Structure formats: structure tokens, C-alpha cells
Amino acid sequence: MPAYLLDVDTGIDDALALAYLAALPDTEFVAVTATHGNVDADQVARNTLALLELCGRPGVEVAIGARGPLSIPLTTTPETHGPQGIGYAVLPGPAGQVSARNAVDLWIEHARARPGELTALITAPLTNFALALRREPELPDLLAKVVIMGGSFYHQGNTTPTAEWNTHVDPHAAKEVYAAYRGRQPEKLPIVCSLDTTERMELHPAHVEALARAAGAAAPELVLPGDPEGLRSTSGNTLVRHLSDALRFYFEFHRHYDQGYLAHVHDFFAAGVAAGTLEYTARPATVDVETDSPLLMGTTVADFRGLWGAPPNARVVSGNNPEQAFRELVSAVGSLARRVG
Ligand code: BDR
Ligand code: CA
């Protein structure tokens, strides 16, 4: 049974990643921790708790760690994910409470208690993970697998011309994380899902419609490019309604940036890589992050050819299969929505 430590900044595509993992029958959420990013950490924690409850997973410990990046001021992105971070969706207030424990303590405690058992998935800036690595440098050996959504290598950035959002929010943390993996065994290196492959994950309105159909929704769930912006779903299925409202916002955002009426669902792809359910290929690389140049702040660089003379510290995903991934998403989250209503 795959057991996960997750760190998220929920977030529309984080929400889809959580719903997908919740949909898999054998997922154990050991703890889910919240990092600032798309919205502030407290809002992330509330969103995450509410969403897990909607997905039929009450009682998961959701905790906050740092409330800002290691060395620079916090930026959030309400224009990308909506004021609450879930697009147009307004999730019900969670029945549970955000844990009073510290996210970094939780990661270290669980990793030590279950050496070699836990899969870590980080779909947010790397602040909490960097802090955990400072406190427990053996974390890379204690964790069974680490998957990170972040970076942009031979692909344009989505925040600056060269930088990806998660890395841009806390570039110093990302730099520390990659430095901590220098000299580690190849099978322990983090699997990095960068924009190079996550921007191939183009979710379209037809996927929302198919998901609602798989959920057994009474009426077709139509999210159309010609709809007035901000229209809300009337689906009788609560999970479908919230995901549809979330994704409509993301479609409009991507269209606003001339990418079409679609949504890049980065974090869902990373979740599938963590779960081992989505097809991908990866290449070893030495990764570093620019933290000094104002022009290139947060830019990730991968040396695939050993030009720096430094051993690989990451496995960078180089190929994926969006068609297979969306089939899997529609079927898994559709069945979950059918179950939880
Ligand atoms: C990443 O940034 C966030 O806005 C998304 O949730 C994803 O994790 C993509 O750059
Ligand atoms: Ca995210």
C-alpha cells in the first residue's frame, strides 16, 4: 500500500493531484503539509483539508511549516488560481482542524519511523523540504521515493521567461534541496517533473465532461469557451461541481496568456509519477538553481552531459504520455466522484 508524505500549495492542479491520489484504492496519506505558493500557507492548509474531506478522506493530518520562503519575501498568485486558490470553487469549511504540529517535524518523524517506506511528493515551493533536509540530512535515504514538481530546463518559464513558479517562489530552498542530493545513490535521486513535460498535460473541457460522465452525473458537464467568464457549475455531484468550477478558472487563465482554453495540470502528472500509474521516462542530470542574478532568479539548469564534472543529483522526466494520463484521471477521479457524490 503506497504511503505518502505530501507537501502542496493547493492550488487548482494540486487539488487535482490530491483528488487523484485519494481516488486510488490503496493510497495512505501519512501527512499532507502546506507550503505558501499559490496562496498563503494557512489558506493552503484549509483548502487541502476541505478537499480531502470532499474526497472521502477525513482525518488526514494537514499541517503548516514555514510561512514564507527561506531568503526572499513571499509572493502568491491569486491571478493564476483564484482568490482562495481553487479557481471559482468555494469549498465548504472543513470539519477537521489544521494540525497544531509543525510540517517539518512531521516529515522527519514519519520518515524516521518508517525508513524506506514512504513516498514523498512535493507540488509546491521547496521551503519545507529544504528545512527538513537541514534538520535530517539522511532524509534522502529514509524516503523510498521523492517526486518534485518544479523547474523548467529546455522550455520557457511560466513566471519569468526562464523560471517556473514553484522554483521562483523559493529559489534558495530549491538550490539547497538539489545540493543535498549531491553524491546520493541513483535510485534515491528525486524525480523532477518540470514544465518541459508538465506543460504537455493539457486538460480540455472534454476531459471535464468525460469525468462527469464517469461519475454518473445526470446532465453533461459543459464548460465552454463561449461561456461568460465565471459561470458556475450546477452539477448535482459535489466533487464534479467543485473540480469543474476550479478548472473553468484555470481554462480562462491559460486563455488569457494565449495558451488556449485548456489547463496545464502539472501537479496531477507529478502525482501519477509518484503513484507509479502514469507512463514516463527520466534522465539523470546535475541540477542547480540560479539565486543571484536578478535576470535569471529561480532559473533551473540541468547538466545532462557531465560538463560541470559533478555527479547527477536528480532524475529529470523527459517523456510522458498525456493521453494515457488523462484516461487514467477520468476513470479514477470519475469513479471517486461517483462514490462520494
Ligand atoms: C506549479 O506552480 C503552481 O502554480 C502549480 O500548482 C504547480 O505546482 C507549476 O509551475
Ligand atoms: Ca502546486
Side-chain angles (χ1 to χ4, degrees), residues 4-21 32-41 43-45 47-48 51 62 64-66 69 74-87 89 103 120-129 146-153 155-171 173-174 177 190-203 243 246-247 249-254 256-257 259 262-274 289 297-300 316-317 320:
Y4 296 94
L5 283 173
L6 306 185
D7 193 86
V8 295
D9 64 337
T10 321
I12 298 169
D13 56 331
D14 304 76
L16 211 57
L18 286 164
Y20 175 63
L21 291 179
V32 184
T33 55
T35 292
H36 48 267
N38 293 326
V39 283
D40 65 70
Q43 183 69 47
V44 168
N47 291 348
T48 303
L51 191 87
V62 174
I64 297 168
L74 172 62
T75 41
T76 57
T77 184
E79 64 283 8
T80 313
H81 291 265
Q84 294 181 358
I86 317 276
L121 169 65
I122 304 146
T123 60
L126 289 166
T127 318
N128 285 335
F129 192 43
V146 176
V147 177
I148 293 171
M149 191 284 131
S152 189
F153 299 103
H155 193 89
Q156 65 182 335
N158 62 358
T159 304
T160 72
T162 57
E164 177 277 335
W165 172 257
N166 287 338
T167 316
H168 192 262
V169 170
D170 197 344
V177 166
I191 302 170
V192 180
C193 305
S194 70
L195 296 183
D196 304 57
T197 49
T198 65
E199 284 205 349
R200 299 188 66 225
M201 300 300 304
E202 295 185 350
L203 189 139
L243 291 178
L247 287 164
F249 188 96
Y250 225 17
F251 292 152
E252 292 172 7
F253 166 80
H254 285 79
H256 184 72
Y257 283 92
Q259 292 168 310
L262 53 85
H264 293 136
V265 287
H266 317 275
D267 297 344
F268 155 65
F269 173 63
V273 169
V289 182
M297 187 68 148
T299 299
T300 45
V316 173
V317 174
N320 58 356

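Atoms within each ligand, like the ligands themselves, are counted from 1 in listed order. Worth saying up front: this structure is predicted, and the values here are computed from it rather than measured.
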remark   = side chain to side chain contact (heavy atoms under 4.5 Å, CB included) with D14: of L6, L51, T123, only one passes, and it is T123
inquiry  = At less than 4.0 angstrom from any non-hydrogen atom of E164, what atoms of ligand 1 do you find?
reply    = 1 (C), 2 (O), 9 (C), 10 (O)
inquiry  = Under 3.5 Å between any N/O of Y250 and any N/O of ligand 1: does that happen in this structure?
reply    = no
key: Between H168 and T160: side-chain donor-acceptor atoms closer than 3.5 Å   = no
query = How does D14 reach ligand 1, by side chain, by backbone, by both or by neither, if only non-hydrogen atoms under 4.0 Å count?
reply = side chain
remark   = Per-atom filter on ligand 1: closer than 4.0 angstrom to a heavy atom of D267 are 5 (C), 6 (O), 7 (C), 8 (O)
inquiry  = Any nitrogen or oxygen of T77, side chain or backbone, less than 3.5 Å from one on ligand 1?
reply    = no
query = In total, how many protein N/O/S atoms does one find closer than 3.0 Å to the Ca ion (ligand 2)?
reply = 5
ask   = Regarding T127 and D170, is there a side-chain donor-to-acceptor distance under 3.5 Å anywhere?
value = yes
ask   = Hey, which atoms in ligand 1 end up nearer than 4.0 Å to a heavy atom of N166?
value = 1 (C), 2 (O), 3 (C), 7 (C), 8 (O)
key: T35 versus D9, side-chain donor and acceptor atoms under 3.5 Å   = no
Value rounded to 0.5 Å, distance of CD in Q43 from OG1 in T48 = 9.5 Å
ask   = Counting each atom of ligand 1 from 1 as listed, which ones have a heavy atom of H266 under 4.0 Å away?
value = 9 (C)
inquiry  = Using ring-ring contact (aromatic ring centres under 6.0 Å, His included), reason through F253 and F249 one step at a time and then give a plain yes or no.
reply    = CA-CA 6 Å; F253 166 80; F249 188 96; 7.6 Å; no
query = Heavy-atom distance to atom 3 (C) of ligand 1: which of N38, T123, L195, V265 wins?
reply = N38
remark   = Among non-hydrogen protein atoms, atom 2 (O) of ligand 1 lies closest to W165 CD1, 3.2 Å
ask   = Starting from atom 6 (O) of ligand 1, which protein heavy atom do you reach first, and at what distance in Å?
value = D13 OD1, 2.5 Å
task = Apply ring pair (Phe, Tyr, Trp, His ring centres under 6.0 Å) to F269 and list each qualifying residue two or more places apart in sequence or on a separate chain.
result = none
N158: numbered ligand 1 atoms lying under 4.0 Å from its heavy atoms = 9 (C), 10 (O)
task = May I ask you to test the E202-Q259 pair for a side-chain heavy-atom distance under 4.5 Å?
result = no
Side-chain heavy-atom pair N158, S152 within 4.5 angstrom cut-off = no
Within-4.5 Å side-chain heavy-atom neighbours: F153 and L195 = no
message = Show the nearest heavy-atom pair for residues V192 and G150, with the distance to one decimal.
response = CG1-O, 3.4 Å
query = With backbone taken as N, CA, C and O and side chain as the heavy atoms from C-beta onward, which portion of H81 lies under 4.0 Å from ligand 1: side chain, backbone, both, or neither?
reply = side chain
message = Centre-to-centre under 6.0 Å for H81 and Y250, is that the case here?
response = yes
